[in-house]
> 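One structure, pasted below without further comment.
Fair warning: this is a prediction, and the values are worked out from it, not measured in the lab. We use all heavy atoms of the structure for the numbers below, so side chains are in, but hydrogens, waters and symmetry mates are not.
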Amino acid sequence: MYKVFVRKHSVVLGVLMMFSVIINAQVPLNKELETLLKGKDNYEEVMAVVSKYYIDRNYANDPVLYREFKKWSRWAWWESQHLDENGKFFNSNAKTTQTLMNIRNGATNGMTSPMSNTGAWSFLGPSNINNATARVDRIAFHPTNPSIIYAGTPNGGLWKTTDGGANWSALTGFLPNIGVSGIVIDADDPNIIYVLSGDGDSNANGSYVYSRKSIGLLRSTDGGITWQIYSYILNNPSDDYYGFKLYQSRHFSNVMYACTSKGLYRSTNKGVNWQVVSVTSNITIYDVEEAPLGGDITKVYAIAQYSFFISSNFGASFTYPNPAISPIPNSSSDRGSIAISAQSPSTVYIHFGGTSGSNSEKSLYRSTNYGVNFTLINNNAPVTSGDMCAFAVSPSDANKLIIANIGIIRSIDGGFNFTDTLGGMHPDFHDLQYNPLNNFLYAGTDGGVYRSTDNGTTWVYLSSGLAATQYYHMTATALDNNIVLGGTQDNGFNGRKSGGQFALVAGGDGFSGQFFNNSADSFILSVNAGVFKGKLASGAVFPLLNTAANMINNYSFFFPHLAIHPTDNKILYAGYIDGLRRSIDGGVTWTNLGGSGSAGFSFAGGLAVSPSIPDKLYMANGSTLRVSNDKGTTFSVISGTSGWPASTGQITDVVARPNDANEVWVTFSGYSGPRVLYSSNGGASWVDFSGTLPDLPVYCIQYTSGGMLI
């Protein structure tokens, strides 16, 4: 955190950049939509096509299409804030990293001090809400100590436990909020840690745009205290690609592999230099494995969407052996994975997972001769997803298999039959790994880390203190700032009660929440497309505004911002794409007042009300800001008035001063133009309030008695 002093009001801007609120999205893309989007690289163009596609197919009344569109909405909310000056997609991860380097070198906006965590921060939670804390994509182990385990998250960096999972600490707190798609703890020196950045699991195969692009290979030589970008892998920092797995050879520790969206890369000098070794670089490689010791260690295997590759020269080159797979996998499979048991080095399993549908490939194959040929063992493995595909086989028994995607299943007969072992585990699995030191099985899911000591029959949750929950927004009651509500991606809406306990109050994607005036218990919140009312103490929640029936004729109703009239708890506001909805009877009935600032697919950038003028309301949408003096009945556009720049990013938030509603601050997305604008006269004129802030998106702003926090 660093501070910037702005002379106008002696306001301290505490910049909480690169915090774990960054959103990922798992966006499925079918072939028909892929064809429609081909060649488009502008956000508005893409989302116009996506919106029309789902609207034309009545997605609001189709559970499968509705789920797909929710994922697109997640993606769009994040991506709209990370475009270049022309509204096109680019590697915002690389931009953020370079900006951080410039700050540390004193080369950005006159800043000469490195960022440091000088605030008095302490972890409040959540530690565990219904076996859910944070999404974990990758797991790795210390080479000699079974109690030291590493967990990689899609946006919260790398975490470490030294007590088998009872407690966790962050290793990448001073890095940009990176995604971790691969972890290697050096077999020769465990103080050397490698991280493949990016988040390949945030999309199904063929997605139009991934959320978390790779910035290359990071390395620490002091156990994770300090880090450097060690290699870009593709040898060009501007290349757009996405990571899936990082692997160090068990036979030759200087050899490493990186599975990426642009092929399989191999290094023979521990990541200094890389060469593409897959048959083509224009293919996504999801997994790579070696034949274990005791077998033919010349064999290395790799897998793509529905293709399998084999190397007989220690991974130096690969060939297609697909004719050896019978029957040949079809193109409806979305992702493949490999599993090999040390107990039977010649036995190789490959699994292809697909999305829902009768034509989806959900097949398990087995080879008993090092991949020379495969036979189909099971063509209907009951858990399947194109977003992720975790697969493991017991190192002591090649007939004990675990497959996990949305759910998790277990076989004890070599894959012919499976049983569901999900139990109370949080669904959506990203990794399954046996620790070779004790043969315990670990799983990384959307809820955290789990451990099984009986080959996946039973599981124990191990994520207390793993503080990487992905928040959209938080709010606190005015009566007690220790009582908060927070909306998260895939881990619902949770609340911190008096006494410090966290509780789940709603499932799904929680977005915006507000406590009622003079209450530390009653609230409204938005989840996906709906608005709900509830009580924190009892956990009771019921719907106020369910917009599913109205979605067909509009772009997106997901993620509305909410506000409550400062003096009348019966007057509620919900900001949707097609306009502001208002209720004057506590949410029983609603009226659409219009006022949308968007003709395309973009998200409302906030609502702001002030107790000093209770009927005054600011509403942001896209790059348009409006004000109403009559509870939203009529609006005037105030973006574009004196001092407002001709070009801005998307408005991300707006806030008014509690004791002067005419003082208003607005924050912006993007990487050029203003970060913060300020008006002292209700938007009649504006001044740039950005000070020495770097050219990075600002996501939110909050007025405090000591200044403004962004």
> Quick one: OG on S281 to CG on L264, what's the gap to the nearest 0.5 Å?
11.5 Å

> Find out whether I285 and F244 are in side-chain contact, i.e. whether some heavy atom of one side chain is under 4.5 Å from a heavy atom of the other.
no

> Between the main-chain N or O of L364 and the side-chain N or O of N378, is there a donor-acceptor pair closer than 3.5 Å?
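Such a contact is absent between N378 side chain and L364 backbone.
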
> Walk me through whether F308 and Y365 qualify under ring pair (Phe, Tyr, Trp, His ring centres under 6.0 Å).
CA-CA 11 Å; F308 177 75; Y365 296 83; 9.6 Å; no

> For L293 and P345, work out which heavy atoms get closest and say how close.
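Scanning both residues completely, I find the closest heavy atoms to be O-CG, 4.0 Å.
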
> Just checking, is any N or O donor in the side chain of T419 or N417 under 3.5 Å from an acceptor N or O on the other one?
no

> For L158 and T172, which heavy atoms make the closest approach, and how far apart are they?
N-OG1, 3.0 Å

> Just do the side chain to side chain contact (heavy atoms under 4.5 Å, CB included) check on F416 and I377 with the steps written out, would you?
CA-CA 6 Å; F416 290 98; I377 298 299; 3.9 Å; yes

> Between Y301 and Y370, is there a donor-acceptor pair closer than 3.5 Å when you use the side chain of the first and the backbone of the second?
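Flag set: sc Y301 to bb Y370 pair under 3.5 Å.
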
> Quick one: pull up CG in N313 and OG1 in T298 and give me the separation to the nearest 0.5 Å.
8.0 Å

> Output yes when a side-chain donor or acceptor of T268 lies under 3.5 Å from a complementary backbone atom of V255, and no otherwise.
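No: the side chain of T268 does not pair with the backbone of V255.
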
> Quick one, L432 and F391 - any side-chain contact, counting heavy atoms below 4.5 Å?
no

> Give the intermediate values and the outcome of ring pair (Phe, Tyr, Trp, His ring centres under 6.0 Å) for residues Y320 and F309.
CA-CA 5 Å; Y320 282 112; F309 308 89; 4.8 Å; yes

> So does R138 pair up with D431, basic N to acidic O under 4.0 Å?
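Not counted as a salt bridge, because no side-chain N and carboxylate O are separated by less than 4.0 Å.
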
> Is the closest side-chain heavy-atom distance between L234 and K262 below 4.5 Å?
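SC-SC contact between L234 and K262 confirmed.
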
> Could you check K245 against S181 for side chain to side chain contact (heavy atoms under 4.5 Å, CB included), going step by step and ending with a plain yes or no?
CA-CA 6 Å; K245 182 175 182 177; S181 55; over 6 Å; no

> Has the side chain of H351 got a donor or acceptor atom that lies under 3.5 Å from a matching backbone atom of A339?
no

> Just how far is it from atom CZ of R135 to atom CD of Q470, taken to the nearest 0.5 Å?
6.0 Å

> Once you round to the nearest 0.5 Å, how far does OG of S337 lie from CD of E289?
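Atom-to-atom, S337:OG and E289:CD are 9.5 Å apart.
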
> Would you confirm whether Q248, through its side chain, and S253, through its main-chain N or O, come within 3.5 Å as a donor-acceptor pair?
yes

> Taking atom CD1 of I229 as the centre, does the number of heavy atoms from other residues, nucleotides or ligands within less than 6.0 Å exceed 12?
yes

> Closest heavy-atom contact between D163 and A166?
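Scanning both residues, the minimum pair turns out to be OD1-N, 3.1 Å.
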
> Between the main-chain N or O of V449 and the side-chain N or O of S463, is there a donor-acceptor pair closer than 3.5 Å?
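Yes; judged by distance alone, with no hydrogens or angles, the pair exists.
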
> Does R219 have any side-chain hydrogen bond (donor to acceptor under 3.5 Å, both in side chains) partners at least two apart in sequence or in another chain, and if so, which?
Y230

> Does a side-chain heavy-atom distance below 4.5 Å link S341 with T347?
no

> Tell me whether D189 is salt-bridged to K270, with the criterion being a basic N under 4.0 Å from an acidic carboxylate O.
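No, D189 and K270 are not salt-bridged.
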
> Counting N and O atoms only, with roles assigned by atom type, does the side chain of W227 sit under 3.5 Å from a partner on the main chain of I193, one being a donor and the other an acceptor?
no

> Would you confirm whether S307, through its side chain, and A304, through its main-chain N or O, come within 3.5 Å as a donor-acceptor pair?
no

> On a heavy-atom basis, which atom in S267 and which in G271 lie closest, and how many Å separate them?
OG-N, 2.8 Å

> So, does S197 use its side chain to make a donor-acceptor pair with the main chain of S214 at under 3.5 Å?
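Such a contact is absent between S197 side chain and S214 backbone.
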
> If only side-chain N and O atoms count, and only distance matters, is there a donor-acceptor pair under 3.5 Å linking Y434 with N455?
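Y434 and N455 do have a side-chain donor-acceptor pair below 3.5 Å.
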
> May I ask you to test the L196-I233 pair for a side-chain heavy-atom distance under 4.5 Å?
yes

> Measure across T445 and H430 and return the closest heavy-atom pair with its distance rounded to 0.1 Å.
C-CD2, 4.1 Å

> Kindly indicate, with the supporting measurements, whether the criterion side chain to side chain contact (heavy atoms under 4.5 Å, CB included) is fulfilled by T161 and L462.
CA-CA 10 Å; T161 178; L462 298 174; over 6 Å; no

> What is the minimum heavy-atom distance between S363 and L376, and which atoms define it?
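In terms of heavy atoms, the two residues are closest at CB-CD1, 3.8 Å.
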
> Can you tell me how far CG of L401 sits from CZ of R410, rounded to the nearest 0.5 angstrom?
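Between R410 CZ and L401 CG, I get 10.0 Å after rounding to 0.5 Å.
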
> Working to the nearest 0.5 Å, report the span between CH2 of W459 and CZ of R451.
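So the CH2 of W459 and the CZ of R451 are separated by 11.0 Å.
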
> Mind checking whether I149 and Y442 have side chains closer than 4.5 Å, heavy atoms only?
yes

> Side chains of Q343 and S394: is there a donor and an acceptor less than 3.5 Å apart?
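Distance-only check fails for Q343 and S394.
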
> I'd like to know if the side chain of S261 and the backbone of Y241 have a donor-acceptor N/O pair within less than 3.5 Å.
no

> Which is it for N399 and D413 under the side chain to side chain contact (heavy atoms under 4.5 Å, CB included) test, yes or no, and what are the steps along the way?
CA-CA 5 Å; N399 287 313; D413 61 3; 5.8 Å; no

> With a 4.5 Å limit on heavy-atom distance, are the side chains of W274 and S231 in contact?
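Yes, their side chains come closer than 4.5 Å.
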
> Measure the shortest side-chain to side-chain distance between Y53 and L37 over non-hydrogen atoms and say whether it is less than 4.5 angstrom.
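Y53 does not reach L37 side chain to side chain.
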
